Novice: 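Take this structure, written in structure tokens, and hold onto it; I'll ask about it next.
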There are 4 protein chains.
Amino acid sequence: MGKSAALRDRVLGAILTGAAAVMAQRGDSATLEDIASAAGVSRATLYRYFPTRQALLSAMTLAGIDELSARIADANLPTVPVEDAIARLVRVFVTTGSKYVALSQGSGTRSGDHPEADALLAEPVRSLFRRGITDGTLRADLDPQLLTDLFGGLIKAALDLTSSGRAGVEEASALVVSVFLTGTRA
Amino acid sequence: MGKSAALRDRVLGAILTGAAAVMAQRGDSATLEDIASAAGVSRATLYRYFPTRQALLSAMTLAGIDELSARIADANLPTVPVEDAIARLVRVFVTTGSKYVALSQGSGTRSGDHPEADALLAEPVRSLFRRGITDGTLRADLDPQLLTDLFGGLIKAALDLTSSGRAGVEEASALVVSVFLTGTRA
Amino acid sequence: MGKSAALRDRVLGAILTGAAAVMAQRGDSATLEDIASAAGVSRATLYRYFPTRQALLSAMTLAGIDELSARIADANLPTVPVEDAIARLVRVFVTTGSKYVALSQGSGTRSGDHPEADALLAEPVRSLFRRGITDGTLRADLDPQLLTDLFGGLIKAALDLTSSGRAGVEEASALVVSVFLTGTRA
Amino acid sequence: MGKSAALRDRVLGAILTGAAAVMAQRGDSATLEDIASAAGVSRATLYRYFPTRQALLSAMTLAGIDELSARIADANLPTVPVEDAIARLVRVFVTTGSKYVALSQGSGTRSGDHPEADALLAEPVRSLFRRGITDGTLRADLDPQLLTDLFGGLIKAALDLTSSGRAGVEEASALVVSVFLTGTRA
DNA sequence: CAGTAAGCGAGACGGTACGTCGGGTCTTACC
DNA sequence: GGTAAGACCCGACGTACCGTCTCGCTTACTG
């Protein structure tokens, strides 16, 4: 069964990769046939892996969430000062997120679809902000949750900047870090 | 022909209003049949006003842009100090924008679709930021254009907050104003 | 609404006619797409008239039954001597039935599908046989119902003969009439 | 290899038997999966024996033809008077044929599919009829070939009668024999 | 005031994508 | 070796929506 599982994983990876590529280019109007052929499989096989177009989109989003979550874990945020941690965080999001721009702005992002997104992505950010407030690095008059939402807006803006070419990853990241930190520093 | 034109305008308004309502609730999955009946007209009439679903969406966006633009003009931004002007601007966007949340996040927002949006919405903001930099109110190390993009991200985040009920209009506005102003003040 | 109904009838007729033609040629393997294009309509329209392939086949059968029934009524069987009536009947079946060979042998003829077939097609035959037995034209030792079934077998055989070209309509009819009459005459 | 061949034959028999059973019950809509599991084998094995659904159906028909042919040979038709031979023939067909009703009426009976059917089944009948005509038992004005076709129609009708329960094997056979003989006797 | 033209509702139609299912081909593991 | 398990491709079926069209009707403008 090892071979079987390996094949399954390989095909699944191809599907997710191809789907991401096609969605990034054609947006929501991409046909399942397009996605299937981009992944090198047939439409029927697509349905064997995902019962629904929405399920496929959801899986793509989930994959993105997982990757982002992994990169965040790699960043060892709790071990560095809050300001540096925020800077790292911004870079992680802007760098990794560019592969998933379509998702962040896409129609798949219906509220409540991915409860794990909060635990995996928002919680580290919130937690970091809480630490910053506690240790006096950040302003105490702002709710960590709302701050996280605002932070998300800035990240999306930075992704727009980079994906549209109006700014490079480094420039966009620095901009966000500078404005956000200055705006929220105690 | 006066009556005729009046009828046309009335029907058109009903369509745009109904479409906005239905899109806000059901998102992109709303059927043209849904939109038509919400507007109190038949599907055929819809097509008499807009040749395409995309055209209708586009018109909705355009109406939103016009309304926002009008409110911005009402705010007389050039006549008040930069900080007050920014506060007014945020309130205008958050208040008026809630009717068009679907559009700001929706799939209709394909890049390059609405060139007038830049002139009508972004330019006043950019111009305000330029004035702030010139008169020493805002930091001089930030490009007005990029600042405008960042500002947009914060506005969208605030709209998310209000539309999801996590914060009221006033709270969200105040939050954005506080963080943005602190973050960009000279 | 007169126009509408007329159009509907015209399209429906085209569908049934085209379907009969295609089924006669390609048999059960005919695609709905084939049938649709043969009828000069789209596949979607087919589904607007018949919810299911089986429903279309059923309607074809019903149309055949109705036509046959009408021809039988035209033959005024009760007004002619039994022997002549049987001859007419055979000619009606063999002549008209050739348009519906596919149905008589086809997979659509699942038992119990068309209860009206008995009343419209078998009953006249049975009734004719009853009259023949009563007036002494036909043997009295045979059950009219079973005789009808046997008669049906002969008719199908004659249809096979004509459709395969092994015999003409006239020859096949005469053969059936001769054998059946001789075999059942008192 | 003796063992192997024995296994092959056993599996093949199971397939044909199971297929016959399932086809008799579900008709043409039976799935290959159904047939395979009814035969106690996997779908893949089915394909190892028959490259195509049609091939399987064809093999079933052929098996029926062979069995019928054997029973006809057992009947020693040439050794008995024509009338008795016809009676035996009818009984053979009606008795044995009940196992293959599905085939005789099924969609697998496409013209020209089984050339051996003519030699194995129709020829003995034709030959018998020729003898009858020659020795003055049967009418001389009927073509043996056409007579055979008609005979086939009567046999199918009898099979319908027995399979539907409207008549027993004996009753149906007697009916066919009586009508056919009376109808064709010199 | 009567005739007419423009706009609307109703709804059929073609087209296309989606999700389902069965047929036919292949590989891998088991015995 | 042959079999079971099962993935895969292909193509048909049935459903739903979009965009186009034609018809009848109402209504408001016109001679």
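This structure is a prediction, so every number in the text was calculated from the model and none was measured. A note on names: the letters A, B, ... follow the listed sequences, proteins ahead of strands, and every chain is numbered from 1.
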Novice: So what does D/Y49 touch, heavy atoms closer than 4.0 Å: a base, only the sugar-phosphate, or nothing?
Specialist: sugar-phosphate
Novice: Which parts of residues 34-48 of chain A get close to DNA chain F, meaning a heavy atom less than 4.0 angstrom away?
Specialist: A/G40, A/V41, A/S42, A/R43, A/A44, A/T45, A/R48
Novice: Going by the salt bridge (Lys or Arg N to Asp or Glu O under 4.0 Å) test, which pairs reach into residues 32-49 of chain C, not counting sequence neighbours?
Specialist: C/R26-C/D34
Novice: Could you check how far CD of C/Q54 sits from C1' of F/dC13, rounded to whole Å?
Specialist: 13 Å
Novice: Once you round it to whole Å, what is the distance between P of E/dA12 and CZ of C/F50?
Specialist: 14 Å
Novice: With a 4.5 Å cut-off on side-chain heavy atoms, are B/L46 and B/R53 touching?
Specialist: no
Novice: At what distance, to the nearest 0.5 angstrom, does CG of D/L57 lie from CG of D/L62?
Specialist: 12.0 Å
Novice: Without decimals, in angstroms, what is the distance between D/R10 CZ and F/dG2 P?
Specialist: 15 Å
Novice: Counting C-beta onward and ignoring hydrogens, is there a side-chain heavy-atom pair between D/I65 and D/L68 closer than 4.5 Å?
Specialist: no
Novice: Looking at OG1 of B/T17 and CE of B/M60, how far apart are the two atoms once the value is rounded to the nearest 0.5 Å?
Specialist: 9.5 Å
Novice: From the set F/dA7, F/dC13, E/dG19, return the single nucleotide nearest to any side-chain atom of A/R8.
Specialist: F/dA7
Novice: Hey, does C/F50 have a side-chain heavy atom less than 4.5 Å from the side chain of C/I15?
Specialist: yes
Novice: If you assign each of A/A30 and D/P51 to its closest nucleotide in DNA chain E, which residue comes earlier from the 5' end?
Specialist: A/A30
Novice: Let me know the distance between CZ of C/R53 and C1' of F/dG11, rounded to the nearest Å.
Specialist: 13 Å
Novice: Take the protein atom CG of C/L32 and the nucleotide atom P of F/dC13, then report the distance between them rounded to whole Å.
Specialist: 4 Å
Novice: Is the closest side-chain heavy-atom distance between C/M23 and C/I35 below 4.5 Å?
Specialist: yes
Novice: Apply side chain to side chain contact (heavy atoms under 4.5 Å, CB included) to the pair A/L16 and A/L56, showing each step before the final yes or no.
Specialist: CA-CA 8 Å; A/L16 287 179; A/L56 169 58; 4.2 Å; yes
Novice: Measure the distance from CG on D/L57 to C1' on E/dG23 and round it to the nearest whole Å.
Specialist: 13 Å
Novice: Can you check whether D/S42 reaches D/T45 side chain to side chain, under 4.5 Å on heavy atoms?
Specialist: yes
Novice: Work out how much the helix from E/dC1-F/dG31 to E/dC31-F/dG1 bends between its end axes, five pairs an end, to the nearest 10 degrees.
Specialist: 0°
Novice: In whole angstrom, give the distance that lies between atom CD of A/E33 and atom P of E/dG19.
Specialist: 13 Å
